[in-house]
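Worksheet for the structure shown next.
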Amino acid sequence: MISEMKKFIISKNELKKILAGIVAENIKLIAPVSRDNAFFLEEVSDAEKIAWDYSNVVKPVKEHIFPMREVLLDFGRGTDPPALDEPEARSSGKEKNPAGNMPPVKEQVIFGLRPCDARSLLVLDKPFLQEKYVDSYYKERREKTTLIAMACLNPEKTCLCSSFENGGPFSSAGSDVLCVQTGQDEFLVEILSEKGEKIFKNPSFAQPSGEVLKKLENLKADSEAKICKALKVPENLRELFEAGTWETESLSCIACGICRYLSATCYCFNITDEFEQRLRYWIPCSFKNYTKMTSGEISREKKSARFKHWYFHKFSYHKDNFGEYLCVGCGRCIKYCPVKIDFTEVLGKIGNSKQEQ
Amino acid sequence: MQNIYLPELAKIEKITEETPDIKTFDISFADAGAREKFTYLPGQFIMMSVFGFGEAPFGLASTPDRKGYFQCSIKKMGKVTSEIHRLDAGNIVGIRGPYGNGFPVKEIEGQRLLFIAGGIGLAPLRSLIYYCFERRKKFPDITILYGARTVKDLVYKPELKKWQEDKSIKTVLTVDPGGEDKNWTGKIGLVPKILAEMNPFAENTAVVLCGPPIMIKFTFIELLRMGFREKQVITTLERTMQCGVGKCGHCSIDKYYVCKDGPVFNYEQIKTFLEEI
Amino acid sequence: MKELIDKAKELLKEKKVETVIGYREIRGCVVPAYVDSPCDADCLIFDKRCVYNLANYLKWFKNKNVALVLKGCDAKSINVWLQEFQIKRENIFIIGVECYGVMNEKSADAGLSDKCGHCEAHVPNIYDAVIKHQGDKKESVQGEPFKDIQEFEKLPHDERWDFWKKQFEKCIKCYACREICPMCYCKECIVERNIPQWIMSSPSVKGNFEWNMVRAFHLAGRCVECGECERACPVNIPLMKLNKKLIKEMKELFDYSAGQKEDVKSAIDDFYPEKDIKIDDKMIR
Amino acid sequence: MEEKKEKNGFEPRLVGILCRWCSYQGADLAGTSRLKYEPNMTVLRVPCSARMSPLFLMKGLTSDIDGILFSGCHPGDCHYISGNMNARRRFVIFKKLLEFAGMEPERIQMSWCSASEDKKWADIVDSVTIEVKKTGPNNKFK
């Protein structure tokens, strides 16, 4: 169980020293890095390159648990029939990994992700792990990952994480450690799981004083006040499937892949063979060829049908299958949409559209 | 931990040409352990992969009682299937499965059976037909209605001839108008039209459908007009599949995944689907 | 904007067009608007924030007759569509708008986007009606249009390669650059064909490089520099740098710039033996 | 020929895309008249030099091919009247854009070579091979 001493105060340099310690132990450290005035979660070799003043990274954290492109099988090497095993052991040459013929994946610590991304992994665990067929690739990466989340001090106007029950800019759901920047050089760190405790092994740091805890409360209140967007999904969404408003709302959509790729919880993928490897990679359901059968028929051909399917999968089908929305309110689909479609706006219009019978 | 994307190696034993673009492959697993472990229900499907070209779902056409090898009938359509058609006996393919829920053999026991197939749709039905032949006591009355575009598109011609001679089964073959040739004795017309002419007895009869979506849609209309109960009308749905295990999202229709919750659905479920099949 | 609204109302009243595609403002930002009845034409606006190239929506309004609110740079894409026989001129009613620069969303100070720095199409060169510009007619700063391209060309080639390799590594293959570009209207794009698989579909370094390069090739002599691809890219790849290089080459080699006139052949499939001689001696053995 | 090969070890893999009416005939004539020239180039036959497309170029340069040569008929005697003219414009744009992206210019070449110029074909292949050997292997995508 987690030791009694859960919360403590730490300065920025000590935090950097701990992160540098992680890299020294040959554990992969992934942290936000600034590239062409956008922030990405990338592997970092020295703690100095970590960016601290960012609202959120462009690509969600699912990118490191369910990578955008992942080699599933490697059947090359010219043996006939193909010597069918997983990708060769990446770290240590040729021998196979005895535990369930899975390629060994390096331990990784993801620092600086936001609470909404940490919660998105809880949502993604259900389809990948808690079903008859368990996705072993996702499972191994998930177990070997430690999440150190950074609470949001000023959420953007596109964020709506507080519309979800264990959501909110300071929510600790899904992360192993939660850091809150209470002062210019002062972080309040809260350990939430054994994995988190392994990182901050012997914390000889000061306990948070009452005054710091009070500062934490009003920081939390200010942050929650800044969230101006809310999600209101109409209850009878299934009856509104035929509403004409879907057609008019989907007119300005250009059916690109941004809202699907950058959504923290979308998980559709394709499996193809490229050269001598079978790999899977992300694919959005907005492309016309997404449902193209070999007979040439496309089941969701019209752009409005594909536009509508994304809403129904997130707010109706997934809720029926897994009991929660396939969304964590990170707001990336609103922020990065090239034509600024706001799904909360669309759901609102659909909700009060009189459903023409 | 079992890797759900890792196929078993299997060898192609025999290839029989059914029509210019449809071949039936007899496949058996390379290692004996997998051969025993591989049991399936009629109506299930496997994911067959040609290494370097990709993977595709194919219905199992052979009856589960025949041990040792199984059969798949594959039509040459896209990248993977045309590569499969280039293989010959002795080549190695990868097999994953069996996936899907298969036909509800328990519910249809003791009822009259009406099989309606279109084109390559006869393959999964053939698995169920032979399954019923082996248990004739439970399935006394069997009627088969099979239609194809032209005479040379009819699959399993020798078996069709055998079924026609067998008096205990009623077999009706049809080809689309214009697809017949000189010595064609069967009916001419689309499957729904021929079904209307046959006017089968609706009471205590289970209907099993398999074919292109357009045929399924119009056959539904005919069946409901003739008074078949919705629960009795059973069909398989066709969707593009990438993973076969309900993860990749490609085969989603309404809130169901055709590979996990299907491919066999009865009309009662299909009626509630928001998207048409 | 009264002039624009009156024009739209008049068109819709006389049933000359089914819908007017323009810009409107909701919750503080500007989005495309589809007006098909005169009464709700009051929402139409035009100002610095109207960055979308509405000609792109012709992909989904191909055989309907629509009216489009187009700036100078967007109207050039209609010329290219007509050159390539994609639409019939009579189906389209172009409400040209005099424009003196639109905002660059991605820059912090929201200044003018750099295509407007050297814009010479303040009034569209193809229109059925023109809406005059209120506000100051600040003449665009006539900076050297291809200065950044020339500097980039001076770099050694492996430095250039590393720059583009690092940029294309970020690409997530969302194809927003293809979906937002009016010039990309193919029914089935080359990336969706798998027999033969010319371009690898997974977002690897090779796959991204092939995709971005082949897309840029297809814009040679067709890109009207509306800047939408760079604006839509979620990972900020400088796609306009590639397109501007092509525009510079087409200008220097063939003295051709896209979208000027609708009845001229596009540069790539046109040729002048005597004018192209100067290519011969340097490039071809 | 042999001792040159051992000296610097790197043998470039070149692909030649030849128009079947002129350059392919020229290369064929070079073969029948027993001309000695570098063996590094694999020749592909296309109906006209205008068949060149960015896909050939990208497919070649991303898999480990070190150089591509397009070759067609001289201006004026193309079997399809203007095929080589279009090819000329498209080739120039390919080369400029790939150069801009950082590809060494020697890797993409074009030549006019008619059916009777077997000597010229041998010189083209030799000079292209030497140039590409100088620029080194194409390890851009290793």
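It should be emphasised that the depicted structure is a prediction, and the values quoted were computed from it without experimental measurement. Chain letters run A, B, ... following the sequence lines, proteins first and then strands; every chain starts at 1.
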Quick one: closest heavy-atom pair of [X] and [Y], and the distance?
X       : Y       : result
F217(C) : P54(D)  : CD1-CB, 2.8 Å
R89(D)  : I268(C) : CB-O, 4.4 Å
R88(D)  : I284(C) : CG-CD1, 3.9 Å

Does any non-hydrogen side-chain atom of M58(D) lie less than 4.5 Å from one of F209(C)?
yes
Among [options], which has the most heavy-atom pairs under 4.5 Å with chain C?
options                           : answer
L57(D), L97(D), I93(D)            : L97(D)
P105(D), A50(D), S111(D)          : S111(D)
F70(D), F100(D), F141(D)          : F100(D)
R90(D), E104(D), K120(D)          : E104(D)
K140(D), Q109(D), M110(D), K59(D) : K140(D)

Is it the case that atom CZ in R51(D) sees more than 12 heavy atoms from other parts of the structure closer than 6.0 Å?
no
Atom group of [X] that falls short of 4.5 Å from chain D, counting heavy atoms:
X       : result
K241(C) : both
L242(C) : both
W161(C) : both
Q167(C) : neither

So, K96(D) and E252(C), do they make that salt bridge, N to O below 4.0 Å?
no
Heavy-atom pairs under 4.5 Å with chain D: which of [options] has the most?
options                   : result
A267(C), S204(C), A216(C) : A267(C)
L246(C), N212(C), D162(C) : L246(C)
K245(C), E153(C), M250(C) : K245(C)

Short question: side chain of R285(C), backbone of C113(D) - any donor-acceptor pair under 3.5 Å?
no
Between CG of L61(D) and CE of M213(C), what distance do you get to the nearest 0.5 Å?
10.5 Å
